[in-house]
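Heads up: numbering here begins at 1 and tracks the sequence.
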Amino acid sequence: MKKNNVFTILIFITIIICSCISIFIGAFDISLSGVLEGDYKQLMILLNSRLPRLLATLCIGAGMSVAGLIMQNLCMNKFISPTTGATISSAQLGIIIALLFIPSANLTTRTIFAFCTSILGTWIFVWFIQKINFKDIIMVPLIGIMFNSVIGGVVNYLAYENDLTQILSNLLVGDFSLVLAGRYEIVFLSVPLLIIAFIYANYFNIVGMGETFSTNLGVNYKLVMFLGLSISAVITASMVITVGSISYIGLIVPNIVSMFKGDKIRGTIFDVALFGAMFVLVCDLIGRIIIRPFELPIELVSGIVGSIIFIALLFKRLNIGKPRFKKGAKNA
């Protein structure tokens, strides 16, 4: 059996095991025997809370990871993601704007505003970094973090000025505890978007080589770029609408998978989706178990784990660019 196949199988097995644990543990534990015997309370918890939470976790993990993979390839930078770009903060801004202009805005209206602003914010960020030639790959995510800070400042100002601080807190801290049947189904939008991403994977790779290279191969550079960035933005907005912000998924998961599977999207997109689902599911379980019967927000757990991995990736990328000297070499 090939090493690549073993990697995929191990991830899949881990997801199955963690999914079973996720269904049966919580503030109120349910049992397989109770479900099979038709215990009403346990069935209601299973159908209205545990299964929706599990499905939302898997969809968000897979979707955000693939969103990061697409952005990294299109922008030709391994440190670009919805977190280090302007995508997440732009989606938050859209929700706040929707509530300002339409105070009684329902979930559909908020979603439309979030989709529009996340796509616009992502496009402005990518347009900006394409206009400036950076010699250091670290500069691009730093610019993205600054974009996030500026937009985040506007979001905070609007929220505090209009008594929307409670909604703002929900947008800033990702938390699966409020995921219930009837208010999470929007994350299923990531499924057809993942399928589209797989179909156009080779085109994303070509566009990642640059506009001149794409044009020579007969690929519409601007159209494919718009499609890829829009997929990433819509997936991110659906996450923000459903559970709030979750950091680092789209940044670290593609980088980890590329160490085992390479950088070609078509060859890695399935593993990136699986690994992202596993990563978010494991972080969610850690948050639910560590201080039972209470739980930590997923944003806190993923932020700690993700920041450690991000720092490690930074050092790895920086060390790659350093010159290496043979032992015993003499100074000129």
Side-chain angles (χ1 to χ4, degrees), residues 11-66 91 95 105-112 114-115 166-167 169-171 173-195 234-246 249 273-302:
I11 295 174
F12 188 75
I13 293 174
T14 304
I15 290 176
I16 297 298
I17 295 173
C18 292
S19 296
C20 294
I21 297 173
S22 176
I23 287 175
F24 293 108
I25 70 165
F28 180 85
D29 291 340
I30 62 178
S31 63
L32 181 60
S33 60
V35 173
L36 294 177
E37 290 171 2
D39 184 282
Y40 179 78
K41 185 175 183 180
Q42 294 193 34
L43 282 174
M44 288 299 100
I45 293 175
L46 175 66
L47 297 176
N48 293 323
S49 177
R50 299 294 168 78
L51 282 179
R53 179 171 185 150
L54 175 61
L55 293 174
T57 301
L58 297 177
C59 287
I60 288 174
M64 288 298 295
S65 300
V66 172
I95 297 172
N106 56 21
L107 183 62
T108 302
T109 305
R110 298 183 193 182
T111 301
I112 293 172
F115 284 172
Q166 182 62 45
I167 294 175
S169 65
N170 293 333
L171 295 177
V173 181
D175 189 0
F176 285 109
S177 62
L178 298 178
V179 173
L180 298 171
R183 62 178 307 271
Y184 80 102
E185 287 78 7
I186 190 175
V187 297
F188 289 147
L189 184 61
S190 62
V191 177
L193 293 176
L194 291 178
I195 295 173
V234 171
I235 290 175
T236 303
S238 67
M239 176 198 71
V240 175
I241 283 285
T242 307
V243 299
S245 302
I246 306 177
I249 306 171
L274 281 180
F275 194 90
M278 183 195 73
F279 177 79
V280 176
L281 185 56
V282 170
C283 287
D284 183 45
L285 285 176
I286 293 172
R288 293 162 66 180
I289 293 173
I290 196 169
I291 57 170
R292 288 188 69 193
F294 307 102
E295 66 176 83
L296 297 172
I298 181 68
E299 168 66 9
L300 177 60
V301 180
S302 68

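For Ser245, the side chain to side chain donor-acceptor pair (under 3.5 Å) test picks out Gln92, with sequence neighbours left out. For the side chain to side chain contact (heavy atoms under 4.5 Å, CB included) test, residues two or more places apart in sequence or in another chain that qualify with Ile23 are Ile30, Leu46, Leu51, Leu54. Under the rule for a side chain to side chain contact (heavy atoms under 4.5 Å, CB included), the partners of Thr111 that lie at least two apart in sequence or sit in another chain are Leu107, Phe115, Ile186, Ile241. Ile290 pairs by the side chain to side chain contact (heavy atoms under 4.5 Å, CB included) definition with Leu296, not counting sequence neighbours. Legend: residues meeting side chain to side chain contact (heavy atoms under 4.5 Å, CB included) with Ile25, ordered by chain and number and at least two apart, are Ile21, Asp29, Leu285, Arg288, Ile289.
Across every non-hydrogen atom of Ile249 and Ser65, the tightest pair is CG2-OG, 3.4 Å. Summarising the geometry of Leu194 relative to Gly63, their closest heavy-atom pair is CD2-CA, 4.1 Å, with the distance given to 0.1 Å. Ala91 approaches Ala237 most closely through the heavy-atom pair CB-CA, 4.0 Å.
For Ser22 (side chain) and Cys18 (main-chain N/O), no donor-acceptor pair under 3.5 Å exists by modelled atom type.
Enclosure of atom CZ in Phe12 is not indicated, since only 12 or fewer non-hydrogen atoms of other residues, nucleotides or ligands lie within 6.0 angstrom.
Here the straight-line distance linking atom OG of Ser302 with atom CE of Met64 works out to 10.0 Å at 0.5 Å rounding. Here the OG atom belonging to Ser19 is positioned 11.5 Å from the CE atom belonging to Met278, to the nearest 0.5 angstrom. With values rounded to the nearest 0.5 angstrom, Phe275 atom CZ is found 10.0 Å from Ile15 atom CD1. In this structure, the separation between CE on Met239 and CD1 on Ile246 is 5.5 Å, given to the nearest 0.5 Å. With values rounded to the nearest 0.5 angstrom, Leu300 atom CG is found 11.0 Å from Ile286 atom CD1.
Evaluation of the side chain to side chain donor-acceptor pair (under 3.5 Å) test over residues 44-59, restricted to residues two or more places apart or in two chains, returns Arg53-Asp284, Arg53-Glu295.
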